[in-house]
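Below, chains carry the letters A, B, ... as their sequence lines are ordered, and counting in each starts from 1. Predicted model, so just to flag it, every value in this text is computed and none were measured.
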2 protein chains.
Amino acid sequence: MVPNQTSPTVKLDPPQQEWVEAIGLFLERSGFPPSSARIYGLLLMSAEPELSFEDLVATLGFGKAAVSTGLRRLQETNRISERTRPGERRRYFRARLGPDIGVDRFRAFNSALCDLLEKGIALRGSRADTEITADLEASVRFLRFLDVELGGLQARWEANGDG
Amino acid sequence: MVPNQTSPTVKLDPPQQEWVEAIGLFLERSGFPPSSARIYGLLLMSAEPELSFEDLVATLGFGKAAVSTGLRRLQETNRISERTRPGERRRYFRARLGPDIGVDRFRAFNSALCDLLEKGIALRGSRADTEITADLEASVRFLRFLDVELGGLQARWEANGDG
DNA sequence: TATTTTGTTCGTATGGTTCCGAACCAAACA
DNA sequence: TGTTTGGTTCGGAACCATACGAACAAAATA
């Protein structure tokens with residue numbers, strides 16, 4: 001057997017480490033669990049385009065358990081891709097960084113909100129204050145408008161080759 | 001003194017209560033603390049357009065402390081407005097429901113992300129894998145494009161009177 | 001079959017958030 | 001000035017998410 005061909009542990013200089021931490025905090029604020037956020041940040045900063053489980057554990061200082069669940073969350077939300085190299089057993093992970101992911105989430109969020117608001121309008125009925133109802137209706141109209149337009153923007157961007 | 005002219009405690013039928021709970025959970029998932037989320041939901045569903053502190057405490061079943069901090073968070077993020085009625089000491093709260101709040105947050109988020117990504121690109125330098133760098137650059141371009149276009153959409157919506 | 005590699009899962013511990021009740025405070029009223 | 005009203009702040013308890021280490025599992029290797 002080849003004498004432990006361990007991929008060279010990722011080397012980051014201090015500013016790069018700080019960046020991983022910064023984007024980690026940022027992603028946490030937008031809903032990622034801490035371990036997922038750091039993993040994703042590291043994948044974006046690493047000179048290597050893909051890293052192994054081992055690399056992540058060694059570089060981030062998280063335990064294997066944390067890395068394992070962190071990776072699972074990233075996969076569930078389609079943030080990373082994974083592959084194996086021929087002849088190797090371990091898996092390598094790569095950040096998936098499409099422009100759509102943010103927009104799609106935003107649209108899904110708005111769509112769910114829109115449904116809720118409509119239900120709310122119906123439940124308020126006619127006896128309730130009309131001003132709030134009117135505001136709700138305006139919000140619904142705007143959200144519909146926004147969804148259509150965002151779809152158009154995405155299409156335009158795709159068509160443009162990538163800008 | 002007028003014999004305790006307490007505003008009639010809000011009356012919600014069960015489907016309305018469920019709706020408040022549903023939108024409460026939804027808002028929680030988007031970052032509101034539970035008490036803020038329920039307060040906001042109740043303000044949207046109540047037949048009265050504005051409610052007092054008292055009303056909120058009595059209807060939601062939260063303690064005064066929770067309502068107090070919940071209101072503070074809503075004020076900080078500009079989700080509610082507050083006023084007093086002449087001759088009364090208590091304050092009345094109303095949900096603020098502009099179309100912009102969601103979009104503005106989204107744009108602010110994207111703007112911050114964009115800054116971070118650019119910093120990241122710079123820190124990766126030229127020795128790092130170019131594919132990831134290219135993805136990052138494409139993301140930055142898209143985010144800029146998106147921000148400009150969203151600004152345009154908002155302007156168009158405003159101009160249209162409200163759709 | 002024994003051993004190493006590559007992870008996953010489980011039980012426990014810990015940290016952070018949010019709640020409640022109580023104490024507190026400021027304004028109005030008496 | 002004493003009391004009521006309206007609301008904030010504090011201390012402790014409860015809860016939830018997440019981390020860690022250890023045990024476990026599956027696949028390759030020997």
Side-chain angles (χ1 to χ4, degrees), chain A residues 1-7 9 21 24-25 27-43 50-77 80-94, chain B residues 1-7 9 21 24-25 27-42 50-77 80-93:
Chain A
M1 174 197 174
V2 187
N4 201 352
Q5 181 165 349
T6 180
S7 56
T9 283
E21 184 61 19
L25 289 172
L27 295 177
E28 269 188 74
R29 260 177 282 134
S30 61
F32 286 85
S35 62
S36 295
R38 302 304 185 291
I39 291 169
Y40 195 73
L42 177 55
L43 289 174
E50 52 189 20
L51 299 179
S52 68
F53 188 92
E54 195 29 41
D55 292 329
L56 298 173
V57 171
T59 311
L60 291 172
F62 281 102
K64 294 200 292 176
V67 170
S68 180
T69 65
L71 284 171
R72 181 155 12 99
R73 302 297 281 273
L74 287 170
Q75 281 162 331
E76 285 165 5
T77 52
I80 57 175
S81 62
E82 165 192 345
R83 72 180 193 99
T84 59
R85 295 177 185 170
E88 278 193 59
R89 189 167 152 215
R90 45 187 148 181
R91 293 176 296 160
Y92 288 85
F93 303 94
R94 174 189 293 255
Chain B
M1 177 197 173
V2 188
N4 201 354
Q5 181 165 349
T6 181
S7 55
T9 283
E21 184 60 20
L25 289 172
L27 296 177
E28 268 187 75
R29 260 176 283 134
S30 62
F32 285 87
S35 62
S36 294
R38 302 304 185 291
I39 291 169
Y40 195 72
L42 177 55
E50 52 189 22
L51 299 178
S52 67
F53 188 93
E54 196 26 43
D55 292 328
L56 297 173
V57 170
T59 310
L60 291 172
F62 281 101
K64 293 201 292 176
V67 170
S68 180
T69 65
L71 283 171
R72 181 157 12 99
R73 303 296 281 273
L74 288 170
Q75 280 163 333
E76 283 165 5
T77 52
I80 56 175
S81 61
E82 164 192 347
R83 72 179 194 98
T84 58
R85 296 178 184 170
E88 278 193 57
R89 189 169 152 212
R90 46 187 146 182
R91 293 176 296 158
Y92 288 84
F93 304 92

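Residues B:Arg72 and A:Ser36 each lie close to DNA chain D; by heavy-atom proximity, the contact nearer the 5' end of the strand is made by B:Arg72. Nearer to the 5' terminus of DNA chain D, by closest-nucleotide assignment, is the contact made by A:Pro33 (compared with the other of A:Pro33 and A:Gly87).
Distance NZ (A:Lys64) to P (D:dA23): 12 Å, rounded to an integer number of Å. We find that OH of B:Tyr92 is positioned 13 Å from C1' of D:dT5, with the value rounded to whole Å. Regarding A:Arg38, its CZ atom lies at a distance of 12 Å from the C1' atom of D:dA19, rounded to whole Å. A straight line from CD1 of A:Ile39 to P of C:dG7 spans 12 Å, rounded to a whole angstrom. Across the protein-nucleic acid pair, A:Glu28 atom CD and C:dG15 atom C1' stand 13 Å apart, rounded to whole Å. Taking atom CZ of residue A:Arg85 and atom C1' of nucleotide C:dT6, one finds them 15 Å apart after rounding to whole Å. A straight line from CG of A:Leu51 to P of C:dG7 spans 12 Å, rounded to a whole angstrom. Nucleotide C:dT17 holds its P atom 20 Å from the CZ atom of B:Arg29, rounded to whole Å.
The CG atom of B:Leu27 sits 11.5 Å away from atom CD1 of B:Ile39, with the distance rounded to the nearest 0.5 Å.
A donor and an acceptor atom sit less than 3.5 Å apart, one in the side chain of B:Arg89 and one in the base of C:dA26.
Looking only at distances, a side-chain donor or acceptor of B:Thr59 sits under 3.5 Å from a matching main-chain atom of B:Asp55.
Contact annotation for B:Ala66: backbone-only contact, meaning every heavy-atom pair under 4.0 Å involves sugar-phosphate atoms and none involves a base.
Listed pair A:Arg91 / C:dT8 meets the phosphate criterion, a side-chain N or O lying under 4.0 Å from OP1 or OP2. Within the structure, every side-chain polar atom (N or O) of B:Ser52 is placed at least 4.0 Å from both OP1 and OP2 of D:dG6.
Side chain of A:Phe53, nearest nucleotide from C:dC19, D:dT8, C:dT8: C:dT8. The side chain of B:Phe62 has C:dC19 as its nearest neighbour among D:dA19, C:dC19, C:dG7. Listed nucleotides: D:dT18, D:dG6, C:dT18. Nearest to the side chain of B:Pro34: C:dT18.
A:Glu28 has a carboxylate O that lies under 4.0 Å from a charged side-chain N of A:Arg38, or vice versa, which qualifies the two as a salt bridge. Electrostatic pairing of B:Arg83 and B:Glu88 does not count as a salt bridge here, judged by no charged N lying under 4.0 Å from a carboxylate O.
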